[in-house]
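Structure record follows, encoded as structure tokens.
As a basis for the values below, the full set of heavy atoms in this structure was taken, side chains included, without hydrogen atoms, waters or symmetry mates. Lettering follows sequence order; numbering is per chain, from 1.
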Protein chains: 2
Amino acid sequence: MLNETLTAAPRSCGDCPIQHRAVCARCDADELAQLDKMKYYRNFEAGQTLIWAGDRMEFVGSVVSGIATLTQTMEDGRTQMVGLLLPSDFVGRPGRGVAPYDVVATTDMVMCCFRMKPFEAMMEATPHISQRLLQMTLDELDAAREWMLVLGRKTAREKIASLLSIIARRNSTLHLEQPTGQIVFDLPLTRDAMADYLGLTLETVSRQVSALKRDGVIELEGKRHVTVPDFHRLLAEAGDDSDGGMLV
Amino acid sequence: MLNETLTAAPRSCGDCPIQHRAVCARCDADELAQLDKMKYYRNFEAGQTLIWAGDRMEFVGSVVSGIATLTQTMEDGRTQMVGLLLPSDFVGRPGRGVAPYDVVATTDMVMCCFRMKPFEAMMEATPHISQRLLQMTLDELDAAREWMLVLGRKTAREKIASLLSIIARRNSTLHLEQPTGQIVFDLPLTRDAMADYLGLTLETVSRQVSALKRDGVIELEGKRHVTVPDFHRLLAEAGDDSDGGMLV
DNA sequence: CCCATTAATTGATCTGCATCAAGGTTCACG
DNA sequence: CGTGAACCTTGATGCAGATCAATTAATGGG
């Protein structure tokens, strides 16, 4: 399956590739029209920082296409990724003035942005939006808790396998398939970003990726293109429950 | 300050110690009356498991008094705490049939439980509840992300200092004070639970607590009673920003 | 009051990952 | 085509924290 990434903003909400999964998913035509008045599209280039931690937040919004990361930094420079934002994910928090994390584009991106004030006002008035946002936030909280187990208790090899299976899973749910048997995808992250995600160094990431390749758990073509011949094997390497009970 | 824990259910919502912070915080008298019909109080003893991962969820609810933990377990027995539930925190997810984590009481507890079905129905109809729950969930997500930094990037000593400062902070916000200068509190967790929280072993926890005591960062009376002579020193040990910018 | 049980401390040793260091690949651009 | 920059891999070594093991408080029940 080819990666026909959307590089331009959709013409209207009806054309929007994330219309069924974004914050606006439960909105009716009327509500979409209201949102339309406070929204604007923005493009970002790979590597660009959308928002700096500590900055005043000017908008909230949805990732339409592309990928971004949420990262926390300590004074001495140590960093930890705390969120991976894929299409349909929501950025920003209504009612918060200052961004707590850096948001960085790892690929070219399109965002659907809403001006803060009117969006907040609409949230008060329109249950559909806060209800949908609640669902999405609860899902994110689940993901964060899964991630905490990975960070706190898994070995480097298990961490890598976990990350790969998460990406594989997200990719296939995006394409509405069950992840079984052989899976193929492109890594959206550099080794360095993977290390940031998993609380490792990039050297360890590189070594463990090589080890998984050597052991036949994955196949690599170039540095980014991954083939997983047996998804259950990968899950087992991740230390996850053998019968891959889908949570999402 | 003494720990006058509530050991019995409040007589009515007006007496409820968490009325201003719980899911129901924004509800008016009418809505409280509605909630009253679907709620019941339950007591749990220290050590008791409220909910087993994989079990059918029968209720959602609020912690009225006492403390519980949310824990994830791997097949081989490794465990990671993924949530620490204090008074006013919400347990369970509307619309979810099966519990994803173990919920265990670490002290005697009182919970204000709502039957699932009617609560879900009310959430659909009453924006106040889902709006409040959204706020609370966003706060929890922030806490989870802070926690991810701790798990992924901090040293054992920093982890312990971080946990102590989190508890100190929560304790003092509960008593509506600014955490400054000297702070005194009781640890609500065993060394083992602390290890589970921080992704360490209990031996390492014990050693690092002793080290912080030896270095005068904390004073101990017994195993649980902690005095922090200088809160900023503790924050510095935690690797946190020196000017303790309050997020909560 | 004593004994059993659970929680915590402390020590000795081992190991997984970090750290330091040196190439190797890929790709854009002059 | 050659050069630099970004990214990745691999090797050698060191150390923080895990593991294994023994001892010492606390706690509660008969």
Please report the distance, rounded to the nearest Å, between [atom1] in [X] and [atom2] in [N].
{"X": "Arg153(B)", "N": "dA18(C)", "atom1": "CZ", "atom2": "C1'", "result": "10 Å"}
{"X": "Ile160(A)", "N": "dC8(D)", "atom1": "CD1", "atom2": "C1'", "result": "13 Å"}
{"X": "Leu198(B)", "N": "dA16(D)", "atom1": "CG", "atom2": "P", "result": "18 Å"}
{"X": "Gln80(A)", "N": "dA18(C)", "atom1": "CD", "atom2": "P", "result": "12 Å"}
{"X": "Arg191(B)", "N": "dA26(D)", "atom1": "CZ", "atom2": "C1'", "result": "13 Å"}
{"X": "His225(A)", "N": "dC8(D)", "atom1": "NE2", "atom2": "C1'", "result": "18 Å"}
{"X": "Leu220(A)", "N": "dT9(D)", "atom1": "CG", "atom2": "C1'", "result": "12 Å"}
{"X": "Glu221(A)", "N": "dT25(C)", "atom1": "CD", "atom2": "C1'", "result": "16 Å"}

### Task
Taking only the side-chain nitrogens and oxygens of Thr204(B), find out if one of them lies under 4.0 Å from OP1 or OP2 of dA18(D).
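The answer is yes; a side-chain N or O of Thr204(B) sits under 4.0 Å from OP1 or OP2.
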### Query
Within the structure, does a side-chain N or O atom of Thr201(B) lie under 4.0 Å from either OP1 or OP2 of dA18(D)?
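Thr201(B) to dA18(D) OP1/OP2: side-chain N or O found under 4.0 Å.
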Regarding [X], tell me which of base, sugar-phosphate or nothing describes its non-hydrogen contacts under 4.0 Å with the strands shown.
{"X": "Leu202(B)", "value": "nothing"}
{"X": "Gly47(B)", "value": "nothing"}
{"X": "Ser206(A)", "value": "base"}

For a 4.5 angstrom cut-off between non-hydrogen side-chain atoms, does [X] reach [Y]?
{"X": "Tyr101(B)", "Y": "Thr69(B)", "result": "no"}
{"X": "Asp108(A)", "Y": "Asn43(A)", "result": "no"}
{"X": "Ser162(B)", "Y": "Trp147(B)", "result": "no"}

### Message
Between Asp192(A) and Lys154(B), which residue's closest nucleotide on DNA chain D lies nearer the 5′ terminus?
### Response
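The residue whose closest nucleotide sits nearer the 5' end is Asp192(A).
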### Contact nearer the 5' end of DNA chain C, comparing Arg224(B) with Arg207(A)
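That would be Arg224(B).
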### Toward the 5' end of DNA chain C, by each residue's nearest nucleotide, Gly222(A) or Arg157(A)
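In this pair, the answer is Arg157(A).
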### Query
Salt bridge between Arg21(B) and Asp139(B), side-chain N to carboxylate O under 4.0 Å?
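Answer for the salt bridge query: no.
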### Message
Between Arg233(A) and Glu237(A), does any NZ, NE, NH1 or NH2 come within less than 4.0 Å of an OD or OE carboxylate oxygen?
### Response
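Yes, Glu237(A) and Arg233(A) are salt-bridged.
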### Query
Any N or O donor-acceptor pair linking the side chain of Glu203(B) to the base of dC20(D) at under 3.5 Å?
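Yes, the side chain and the base share a sub-3.5 Å donor-acceptor pair.
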